[in-house]
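Just so we're on the same page: letters track the sequence lines, and every chain starts at 1. Just so it is clear, the model here is predicted, and its values are computed rather than measured.
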Amino acid sequence: MDEKDMTLRVEALESILVEKGYVEPAALDVIIETYEKDVGPRNGAHVVARSWVDPAYRERLLTDATAAIAELGYGGRQGEHMVAVENTADEHHLVVCTLCSCYPWPVLGLPPTWYKSPAYRSRVVIDPRGVLADFGVTLPTDTRITVHDSTAEVRYLVVPRRPEGTDGWDEGSLAALVSRDSMIGTGLVEVPA
Amino acid sequence: MDEKDMTLRVEALESILVEKGYVEPAALDVIIETYEKDVGPRNGAHVVARSWVDPAYRERLLTDATAAIAELGYGGRQGEHMVAVENTADEHHLVVCTLCSCYPWPVLGLPPTWYKSPAYRSRVVIDPRGVLADFGVTLPTDTRITVHDSTAEVRYLVVPRRPEGTDGWDEGSLAALVSRDSMIGTGLVEVPA
Amino acid sequence: MNTVADLGGMMGFGPVRPEPEDERFHADWERRALALTLAAALPGGWTIDASRSARESLPPGEYLTSSYYAIWIKALERLLVGAGLVGADELAERRALRPGRPGPVLAASAVPGVLAKGSSADRPIDSTPRFAVGDRVRTRNVHLVGHTRLPRYARGKEGVVERVHGAHVLPDSNAHGAGEQPEWLYTVRFPGRELWGEAADPGLTVEIEAFESYLAGT
Amino acid sequence: MNTVADLGGMMGFGPVRPEPEDERFHADWERRALALTLAAALPGGWTIDASRSARESLPPGEYLTSSYYAIWIKALERLLVGAGLVGADELAERRALRPGRPGPVLAASAVPGVLAKGSSADRPIDSTPRFAVGDRVRTRNVHLVGHTRLPRYARGKEGVVERVHGAHVLPDSNAHGAGEQPEWLYTVRFPGRELWGEAADPGLTVEIEAFESYLAGT
C-alpha cells in the first residue's frame with residue numbers, strides 16, 4: 001500500500017466531507033484525542049487489578065462484566081455487551097474476531113495492528129499455540145485453550161492470572177503489571193525480574 | 001499488476017536461466033509454437049464431431065476417453081487420464097479446477113484466462129447458472145447440472161449436444177460448429193442463423 | 001457472503017507481529033481515518049452491519065493487501081457514494097463539486113456522550129429462547145450471498161450452548177436495510193476436533209456467538 | 001493447506017469475463033512464462049505437485065492480485081531458488097552472477113516427444129480399492145499445513161463413489177519430497193445441498209477426485 005497516497009486520499013475525503021457539511025473538524029479531533037489519550041488498555045488493567053484484590057468485584061465481573069466494568073466508569077462504544085473470562089492453571093483464554101476487528105474498546109482502546117491482521121485472525125482459531133509462540137508465550141501442554149471468536153456484539157476481556165510474588169500489592173501496582181496483550185490472551189502477566 | 005515490469009522480469013529470468021545453462025532458447029520456441037499453433041480446441045472439436053457421426057467411436061469415448069482420443073492422434077501432457085462426459089437434455093456438464101488451473105491441454109489447448117480466474121473457479125461450483133448467465137447461456141430450469149472439479153490428474157472433456165438441423169452434415173462441418181466453451185460446458189453448440 | 005474477510009482457519013499469512021502497547025497509530029492519516037469513519041456514520045445513517053458488509057465486500061485481493069484503516073477508508077467511500085452523500089466524481093477529483101445534503105452532523109460537543117453511550121444491540125423480543133445452556137446444537141450450512149456472521153469454519157458443526165445473551169439485532173437483515181429482526185443470541189462452544197478434525201489440538205475449544213436462525217437442534 | 005487458491009464457493013470476485021477462442025496470450029511475456037515453466041522443470045527436478053504447492057503458497061494477497069502466468073513466474077522463481085539453481089541475489093539483480101550447475105536440459109529436439117508423452121500419474125499398487133462405485137463415503141475434515149487436493153468446500157461431506165481410477169501419485173506426499181505413495185483415486189459425487197445447504201440449486205451435483213486417504217466409510 002502506498003502510504004503517501006493514503007495520506008492524500010484521506011485528506012481529500014476529509015475536505016470533501018467538511019466542505020459538504022457532513023463532518024465537523026473539531027469533532028474529529030475530539031474522537032482522536034479520546035482514543036489516543038483517554039480510552040486505552042489502562043482501563044482494562046484497572047478492572048483486572050480490582051478483580052485480583054476484591055473477591056466480590058471479581059464475582060460481579062465474571063457474572064455481569066458490563067455492569068462491573070461500568071462501576072469503574074468504563075463503557076460505551078464497542079463495550080456494550082461485555083463478558084470477562086478468567087485464565088486459570090487449567091484453561092487459557094484468547095480473543096479474536098476472525099471476520100473483522102471487533103474488540104472491547106472501553107477497556108482496551110483501539111485494537112493493535114496485529115489483532116486486525118489476517119495472520120492473527122486466520123491462525124489463532126486453528127493453531128493458538130503457534131500464535132502464542134509468535135508472542136514468546138509457551139503454555140504447559142496440558143493447559144486447555146479456549147478461543148473466543150467475537151462474531152456478534154459481545155466483547156471479551158481476558159482476566160489474566162495474577163502472578164506469584166504479588167501478595168499484598170495494592171491495586172495500582174498490580175494494574176501496572178497488566179499488559180494489553182495479557183487481556184487479549186496473547187500475553188501473560190509477570191513480575192519484572 | 002504492472003505489465004511492463006512483468007515483461008522485464010520474465011526477460012531477466014529467461015536470460016539468467018539461459019546463461020546458467022538450464023534452458024535452451026530454441027526449446028522455448030518449440031513449446032510456444034506447439035501451443036500457439038498445433039495444440040488447441042480444434043483437436044477437441046474433432047473428437048466431439050467424430051463422436052456425433054460415429055456411434056461406435058462415441059461408445060469408446062465415453063468408456064475410455066484417453067484411448068479414444070489417442071485414436072485421433074491426441075494425447076500427452078495434461079491429457080494422460082481423460083474422461084468424456086456427454087451433455088443431454090436432462091444433464092449439463094461443466095468443468096473447473098477450483099484449486100489451480102487443471103485443463104485438458106491435448107484436446108483444448110491452453111486454458112483461457114477466465115478459466116483460471118478466481119471469478120470462475122469460486123463461483124461455478126456453487127452458482128453454475130449464474131456463471132452460465134455470464135456466457136449468455138440459459139438452461140431449462142429442470143436440466144440438472146453436474147460440475148466436475150478437476151482436483152487430481154483426471155481431465156474432463158464435455159461432449160456438447162449436437163444441434164438440431166445438422167442431419168447428414170459431415171464430420172468437418174460439425175467440428176467447425178464446436179466451440180471451446182461448449183467443451184468446457186460454458187457454451188452450447190448452435191448452427192449459425 | 002463467503003469472502004476473504006472470513007479468515008478463520010486460513011493459512012499462509014506468516015507470523016503474527018507483536019507491537020508495543022503505546023503504538024496506537026502508524027501515520028496521521030490513520031487517526032483521521034478512524035475519526036472520519038466514526039463521525040460520518042451519523043449523516044450517513046448506515047448501521048454497523050452495513051459498514052462491516054461494505055468492508056468485507058471490497059475486491060478480495062484489495063482487502064488482503066490493504067491495512068485495516070485503509071479498508072475502513074475504502075469502505076467509507078463506498079458507503080458515502082452508496083448513500084448519495086458524495087459523488088464518485090468527487091472522490092475521483094478529490095474535491096467537493098456540489099453542496100452537501102442537509103442532515104444530522106456530529107458536533108464536537110456531542111462526541112463524548114455518543115462514545116460513552118455506545119449502541120446496544122439488545123432488543124425486546126416476544127419469543128422465548130429456543131435453546132438453553134448445555135443444549136447440543138448444530139450450526140446450519142448456509143452460504144448466503146449477503147452479509148452474515150456465521151464463519152465458514154463453524155458451519156455444519158455440532159457444539160454446545162455456553163451462554164444465552166439477550167435478543168440482538170440480526171446482522172444478516174440489518175446490513176441490507178431489511179430491518180433489525182432481533183433474534184436470540186447464543187455463545188456456542190465447539191471442540192477443536194469438531195472444527196479441524198482429528199489432528200486438532202486436543203485441548204482446544206473455540207466459541208462463537210450464533211444467532212438463533214444459525215442453529216438447529218441435534 | 002487452507003490457502004486463498006482453494007477458491008470453490010468463495011464470493012465477491014465479480015462476473016466471469018468470456019474471451020475469444022483465438023486469444024491465447026495477452027502479452028509476449030506470457031508466452032515466455034509458459035515455456036520457461038515447462039522447460040525449467042527438467043533441470044529443476046521438481047514434481048507437478050511441488051509446482052502447484054509453490055503457486056498456492058504465494059502471499060495470499062499477491063496470489064489474488066496476480067494474473068495466472070504471473071503466478072507461474074513468481075512460483076517458478078521460488079522453485080529455482082529453493083532448488084539452489086538460481087540465487088535470490090540473481091533474481092534481485094536480474095542477471096546471472098555465477099555459472100549454473102551441470103544437469104539435464106530440455107533440448108528443442110526433445111520437446112515434441114516430452115509433450116506428447118506427458119506424465120502419467122498411474123502407479124502400480126499392492127492393495128485393492130477400499131471403495132466401489134456406488135459406495136457412500138464421507139470426506140475427512142482435514143486441515144493440513146502442507147499441500148493437499150481436497151478442497152475446503154468438500155471436507156466432512158457425504159457423497160457417492162462415481163468412478164474408481166487407478167492408483168495415482170499422492171500429491172500430499174509428492175509435493176514435499178516425501179515420495180509418490182500412490183493411493184487409489186476415486187471420483188466422488190455430492191448433491192449441491194450436501195455442500196451448500198438447503199438453498200442450493202436442487203439440480204446441482206458436484207464431483208471431485210478424492211484419494212483413498214481423503215475418504216472414510218459412512
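Looking only at side-chain heavy atoms (C-beta outward), D:W72 and B:V10 stay at 4.5 Å or farther from each other. Within the 4.5 Å cutoff, the side chain of B:L17 has heavy atoms near those of the D:L80 side chain.
Nearest approach of D:P151 to B:D149, heavy atoms of both residues: CG-OD2, 3.9 Å. When all heavy atoms are compared, the tightest approach of D:A39 to B:V23 is CB-CG2, 4.2 Å.
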Please walk me through it: do B:H148 and D:E209 pass side-chain contact (heavy atoms from CB on, under 4.5 Å)?
-> CA-CA 9 Å; B:H148 303 266; D:E209 266 74 59; over 6 Å; no
Does the side-chain contact (heavy atoms from CB on, under 4.5 Å) test come out yes or no for B:T146 and D:E207, once each step is laid out?
-> CA-CA 7 Å; B:T146 300; D:E207 292 187 3; 4.0 Å; yes
Decide side-chain contact (heavy atoms from CB on, under 4.5 Å) for B:L8 and D:R94; before the verdict, give the C-alpha distance in whole Å, the side-chain angles of both, and the deciding distance to 0.1 Å.
-> CA-CA 9 Å; B:L8 296 174; D:R94 296 195 165 176; 3.6 Å; yes
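Between D:R95 and B:E19 there is no salt bridge, since no side-chain nitrogen of the basic residue lies less than 4.0 Å from a carboxylate oxygen of the acidic one. At a threshold of 4.0 Å, the pair B:E153-D:R52 counts as salt-bridged, since one of the basic side-chain nitrogens sits closer than that to a carboxylate oxygen. A salt bridge does not link D:K117 to B:E80: none of the charged side-chain nitrogens sits closer than 4.0 Å to a carboxylate oxygen. Ion pair B:E36/D:R31 flagged as a salt bridge, since at least one NZ, NE, NH1 or NH2 atom sits closer than 4.0 Å to an Asp/Glu carboxylate oxygen. Ion pairing between D:E77 and B:R9 holds under the 4.0 Å rule for side-chain N and carboxylate O. Between D:R24 and B:D38, no side-chain nitrogen of the basic residue sits less than 4.0 Å from a carboxylate oxygen of the acidic one, so the salt-bridge criterion is not met. The pair D:R32-B:D29 counts as a salt bridge, with a side-chain nitrogen and a carboxylate oxygen less than 4.0 angstrom apart.
Counting only N and O atoms by type, the side chains of B:T113 and D:E19 include a donor and acceptor under 3.5 Å apart.
Residue D:L185 touches chain B through its side chain alone, counting heavy-atom pairs closer than 4.5 Å. In this structure, chain B has a heavy atom under 4.5 Å from the side chain of D:L64, while its backbone stays farther away. Both the backbone and the side chain of D:D6 come within contact range of chain B, each with at least one heavy atom under 4.5 Å from a heavy atom of that chain. For chain B, no part of D:D28 is nearby; none of its heavy atoms comes within less than 4.5 Å.
If you run side-chain contact (heavy atoms from CB on, under 4.5 Å) between D:V16 and each of B:L132, B:V131, B:T186, only B:V131 comes through.
The backbone N or O of D:L106 lies less than 3.5 Å from no partner atom in the side chain of B:Y22, so there is not a single donor-acceptor pair.
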